[in-house]
There are 2 protein chains.
Amino acid sequence: MFKALSEETRVRIVGLLTGGERCVCDLVAILNLPQSTISRHLTILKNAGWVASRRKGVWMYYRLAETKNPLHQGLLAAFRANLPSVKALAADRKKMAAYLKSKPAAGCD
Amino acid sequence: MFKALSEETRVRIVGLLTGGERCVCDLVAILNLPQSTISRHLTILKNAGWVASRRKGVWMYYRLAETKNPLHQGLLAAFRANLPSVKALAADRKKMAAYLKSKPAAGCD
DNA sequence: TTCTAATATCCGGAAAAGCGGATGGATGCA
DNA sequence: TGCATCCATCCGCTTTTCCGGATATTAGAA
């Protein structure tokens, strides 16, 4: 559960997902890392219960997962409340905002 | 910050410290691991800001650290609220309770 | 069915983290 | 000052994790 958050890229992903559901291609574009790397991190987050996924056509959308584990709920609440103002993640949020505006031209709907 | 919690022993230490301040020898007794291992983990937790220490004579007492980082505060609150009921940590708590009773005979005050 | 695009998994090598005995430093007491 | 105890750090070794190109899988469109 904590091990899944022990890697910077995975925390960045969780940070981005506090902004809502995103597909893998979005994350690849923002994080600027190989697709295989992003996908591997998403699998780890999913196995740990931090995120859930939904298929829509060819695209997989990932979001923060709902859970019944009280500790997990508490931590998620802390994330939703505080991650959006963490400085270290500001660049990602900014990039995502710009990306979302130009998205219709970019690809996945 | 999260990396420091990515190791089971360190989570167990945080779990034990939700019960209050403990000295290194207490933790060595409960966790049944070499002193150097415990000390190394404590250093990591301290550098990450999760715990603080206080010297009393020859003994070093460790406790959960107070912090002004909002995210950190939120996570810590979730720990204090929920770790005490996490099953995986029950054995440690039980052992600590028994240990504390017999402590006057055991050593550090 | 065939092709294309999005995503997941595989795999060999590199990097990081963990381990614990040995050692060193600090403190209190005689 | 000498000694004993508690704790922190060092160091060689083992284990785990990460990386990313290559490959496999899946869904939709032609």
Side-chain angles (χ1 to χ4, degrees), chain A residues 1-14 16-17 21-63 65 96 99-100 102-109, chain B residues 1-14 16-17 21-63 65 99-100 103-109:
Chain A
M1 182 168 173
F2 296 111
K3 204 166 292 188
L5 296 177
S6 68
E7 212 276 337
E8 184 181 341
T9 302
R10 294 199 287 270
V11 176
R12 293 174 69 191
I13 290 175
V14 171
L16 287 171
L17 294 185
E21 197 178 53
R22 300 285 180 260
C23 80
V24 179
C25 59
D26 294 337
L27 299 172
V28 170
I30 302 305
L31 297 173
N32 198 30
L33 289 169
Q35 177 265 324
S36 68
T37 295
I38 301 290
S39 192
R40 176 166 35 82
H41 286 313
L42 284 169
T43 299
I44 292 172
L45 287 171
K46 187 174 181 177
N47 288 339
W50 286 110
V51 306
S53 61
R54 166 177 81 86
R55 177 182 285 282
K56 182 180 179 187
V58 223
W59 298 286
M60 290 291 289
Y61 284 82
Y62 283 83
R63 62 182 182 280
M96 178 62 83
Y99 170 83
L100 289 178
S102 62
K103 196 170 176 189
C108 65
D109 59 345
Chain B
M1 183 167 171
F2 296 111
K3 203 167 293 189
L5 296 177
S6 68
E7 213 276 336
E8 183 181 343
T9 302
R10 294 199 288 269
V11 176
R12 292 175 69 190
I13 290 174
V14 171
L16 287 171
L17 295 184
E21 197 177 53
R22 299 286 179 259
C23 79
V24 178
C25 59
D26 293 338
L27 299 172
V28 170
I30 301 306
L31 297 173
N32 197 32
L33 289 170
Q35 177 265 324
S36 68
T37 295
I38 302 290
S39 193
R40 177 167 35 83
H41 286 313
L42 284 169
T43 299
I44 292 172
L45 286 172
K46 187 173 182 178
N47 288 339
W50 286 110
V51 306
S53 60
R54 165 177 82 87
R55 176 182 287 281
K56 182 179 179 186
V58 223
W59 299 287
M60 289 292 289
Y61 284 82
Y62 283 83
R63 63 184 182 280
Y99 170 83
L100 290 178
K103 195 169 177 189
C108 64
D109 58 344

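None of the values given here were measured: they were computed from a predicted structure. Order of the sequence lines sets the chain letters (A, B, ...), proteins ahead of strands, with each chain counted from 1.
Side-chain atoms of A:Ser6 come within 3.5 Å of backbone atoms of A:Lys3 as a donor-acceptor pair (strictly under, hydrogens ignored). Looking only at distances, a side-chain donor or acceptor of B:Arg55 sits under 3.5 Å from a matching main-chain atom of B:Gly57. Side-chain atoms of B:Ser39 do not come within 3.5 Å of backbone N or O of B:Gln35 as any donor-acceptor pair. In this structure a side-chain-to-backbone donor-acceptor pair under 3.5 Å is missing from B:Asn47 to B:Ile44.
Note: CG (A:Leu31) to P (D:dG20) measures 12 Å, nearest angstrom. The separation between A:Tyr61 atom OH and C:dA8 atom P is 13 Å, rounded to whole Å. Here D:dC6 presents its P atom at 14 Å from CG of B:Leu27, a figure rounded to the nearest Å. Here the P atom of nucleotide D:dC7 and the NZ atom of B:Lys56 are 13 Å apart, to the nearest Å. For the pair A:Ile38 CD1 and C:dT9 P, the interatomic distance rounds to 15 Å; values are reported in whole Å. Spacing between atom CZ of B:Arg54 and atom P of C:dT27 amounts to 15 Å, rounded to whole angstrom units. Rounded to whole Å, the distance from CH2 on A:Trp59 to P on C:dA6 is 7 Å. Taking atom CD of residue B:Glu8 and atom C1' of nucleotide D:dT16, one finds them 15 Å apart after rounding to whole Å.
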- Item | Working for side chain to side chain contact (heavy atoms under 4.5 Å, CB included), residues A:Val28 and A:Leu33 | CA-CA 6 Å; A:Val28 170; A:Leu33 289 169; over 6 Å; no
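With sequence neighbours left out, the side-chain hydrogen bond (donor to acceptor under 3.5 Å, both in side chains) criterion links A:Arg10 to A:His41.
The phosphate of C:dA8 (OP1 or OP2) has a side-chain N or O of A:Tyr62 nearer than 4.0 angstrom.
The pair A:Glu21-A:Arg54 meets the salt-bridge criterion, since a charged nitrogen lies less than 4.0 angstrom from a carboxylate oxygen.
In this structure, the nucleotide among C:dT7, D:dA8, C:dT27 sitting nearest to the side chain of A:Met60 is C:dT7.
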- Query: Once each nucleotide of nucleotides 17-24 of chain C is scored for protein heavy atoms under 4.0 Å, what B/S/- sequence comes out, 5' to 3'?
  - Reply: SSBBBB--
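Under the side-chain contact (heavy atoms from CB on, under 4.5 Å) test applied with A:Arg22, the options A:Leu100, A:Ile30, A:Val51, A:Ile13 reduce to a single match, A:Leu100.
Between A:Leu5 and A:Val11, the shortest heavy-atom contact is O-CG2, 3.3 Å.
Comparing A:Arg55 and B:Val28 by the nucleotide of DNA chain D that holds the closest heavy atom to each, the one mapping nearer the 5' end is B:Val28.
A rotation axis mapping the C1' atoms of four pairs onto the next four is fitted at both ends of the helix from C:dT1-D:dA30 to C:dA30-D:dT1 over five pairs, and the angle between these axes is 20° to 10 degrees.
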